[in-house]
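Structure first, then comments.
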Amino acid sequence: MERKKITIRDILKMKGNKKIVAVTSYDYPTTKIVDETGVDIILVGDSLGMVVLGYPSTLQVSMAEMLIHTKAVCNAKPNALVVSDMPFMSYEYSKEKAILNASRFLRIGSDAVKLEGGSEYKEIIKGIVNSGIPVMGHIGLTPQKHKQIGGYRLLGKTYSEAKEILNDALQLEDSGIFSLVIEYTAYEVAKKITEKISIPTICIGSGPYCDGQIMVINDLLGLGDYSPEFAKKYVDLKSVIKEAILNYKTEVESGKFPEKYWGMKNNEDKKKFMEE
């Protein structure tokens, strides 16, 4: 049976019924493979800054870069819901700027946008949603604000911090988001939020009690030099790729590759050409 395109309504219906499977992707060939597995959501994450472009953090990622990678993902025509991260300073400045930037992702094929932050962005999110653009929220550890919050650390370990994150979740639900990513919080916080709000929650490093999970594809494939402690490596693809390249290098140096090659069709032409 041919798989149908997943919509926002499909994601909403999954809450309490089916665990949502989400993963990042940043290019055409990877997206083709990812979508064939039947995942529900493909996130074009600004994590590409670190895992693809070699930046020290997500702060250096531009709108232009996010649009290029989103277009590459959308060119694969995935059935999964495509969500694009709004990069640092693409939505903070004003509601009008946020709406304009969000619309650019939908114009090239994305199904929704994701932006980081809590209740302080409630009105901005409302503006985007009221413009007809679906928004996924993102609370807990928000990497774009890692300098402000004191690094990439577990949040919600104290009562006051947990209450603040819960309030953010409630405020964002009220703003009209269709789902909420909860990153690197104490599991009790994510569990409480999942029980309190009516929209799906998607965890990354926040325990098993959310409505779904998301991972950076480079982490699960074992492609990087560093992965966060909450990531799981399902294959050591870095070693597989390295071995393949080393085998190629050995065969070139020894003259074994290429094994196949093609000559001129006409022997007379070949003789004439070679004797000149």
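Residue numbers run from 1 in the order of the sequence given.
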May I ask whether [X] and [Y] are part of the same hydrophobic cluster, defined by side-chain heavy atoms of I, L, V, M, F, W, Y residues being less than 4.5 angstrom apart, directly or through others?
X	Y	value
Tyr28	Leu53	no
Met89	Leu59	yes
Leu100	Tyr93	no
Val82	Leu12	yes
Leu220	Phe230	yes

Once you round to the nearest 0.5 Å, how far does [atom1] of [X] lie from [atom2] of [Y]?
X	Y	atom1	atom2	answer
Lys126	Ile124	NZ	CD1	13.0 Å
Lys163	Lys192	NZ	NZ	7.5 Å
Thr201	Lys15	OG1	NZ	5.0 Å
Ile241	Asp236	CD1	CG	9.5 Å
Ile6	Asn79	CD1	CG	7.5 Å
Cys210	Ile193	SG	CD1	7.5 Å

Could you check if a side-chain atom of [X] sits within less than 4.5 angstrom of a side-chain atom of [Y], using non-hydrogen atoms only?
X	Y	answer
Met66	Leu48	yes
Val216	Tyr26	yes
Lys238	Asp225	yes
Val61	Tyr55	yes
Leu106	Pro134	yes
Leu67	Phe105	yes
Ile214	Ile41	no
Asn218	Met50	no

What's the shortest heavy-atom distance between [X] and [Y], and which atoms?
X	Y	result
Val34	Val39	CG1-CG2, 3.6 Å
Cys74	Ile108	CB-O, 3.6 Å
Leu155	Ile149	CD1-CD1, 4.3 Å
Glu92	Phe88	OE2-CD1, 3.8 Å
Pro228	Asp219	CD-OD2, 3.5 Å
His138	Lys114	ND1-NZ, 2.7 Å

How about Tyr152 and Tyr184: are their ring centres within less than 6.0 Å of each other? no

For the backbone of [Y] and the side chain of [X], can you confirm whether one donor and one acceptor N or O come within less than 3.5 Å of each other?
X	Y	result
Glu123	Lys95	no
Ser179	Pro200	no
Glu116	Gln144	yes
Asp211	Ile202	no
Gln171	Leu166	no
Asp111	Ile8	no
Thr30	Asp27	no
Asp85	Asp46	yes

Give a yes or no on this: more than 12 heavy atoms of other residues, nucleotides or ligands lie within 6.0 Å of atom [atom1] of [X].
X	atom1	result
Glu268	CD	no
Lys19	NZ	yes
Lys18	NZ	yes

Open item on the list: Pair Leu180, Ile139 - check side-chain contact (heavy atoms from CB on, under 4.5 Å), show working.
Closed with: CA-CA 7 Å; Leu180 180 64; Ile139 61 172; 3.7 Å; yes

Evaluate His146 against Ser57 for side-chain contact (heavy atoms from CB on, under 4.5 Å), listing each step before the verdict.
CA-CA 9 Å; His146 72 275; Ser57 74; 3.7 Å; yes

[X] and [Y] ion-paired at < 4.0 Å:
X	Y	value
Arg153	Glu161	yes
Glu195	Lys191	yes
Asp10	Lys5	no

Exercise. Apply side chain to side chain donor-acceptor pair (under 3.5 Å) to the pair Thr70 and Ser84, showing each step before the final yes or no.
Key: CA-CA 7 Å; Thr70 293; Ser84 298; 3.0 Å; yes

Exercise. Would Thr31 and Ser25 satisfy side chain to side chain donor-acceptor pair (under 3.5 Å), going step by step from the backbone distance to the final call?
Worked result: CA-CA 6 Å; Thr31 301; Ser25 187; 2.8 Å; yes

task = Determine, stepwise, if the pair Leu81 / Phe178 fulfils side-chain contact (heavy atoms from CB on, under 4.5 Å).
result = CA-CA 12 Å; Leu81 190 84; Phe178 73 91; 3.9 Å; yes

**Report entry** Audit row: Asn167, Glu164, side-chain contact (heavy atoms from CB on, under 4.5 Å) steps and yes/no
**Finding:** CA-CA 5 Å; Asn167 179 64; Glu164 183 178 348; 5.7 Å; no

TODO: Let me know which of Leu43, Val51, Val23 forms a side-chain contact (heavy atoms from CB on, under 4.5 Å) with Ile217.
DONE: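 Among the candidates, only Val23 passes.
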
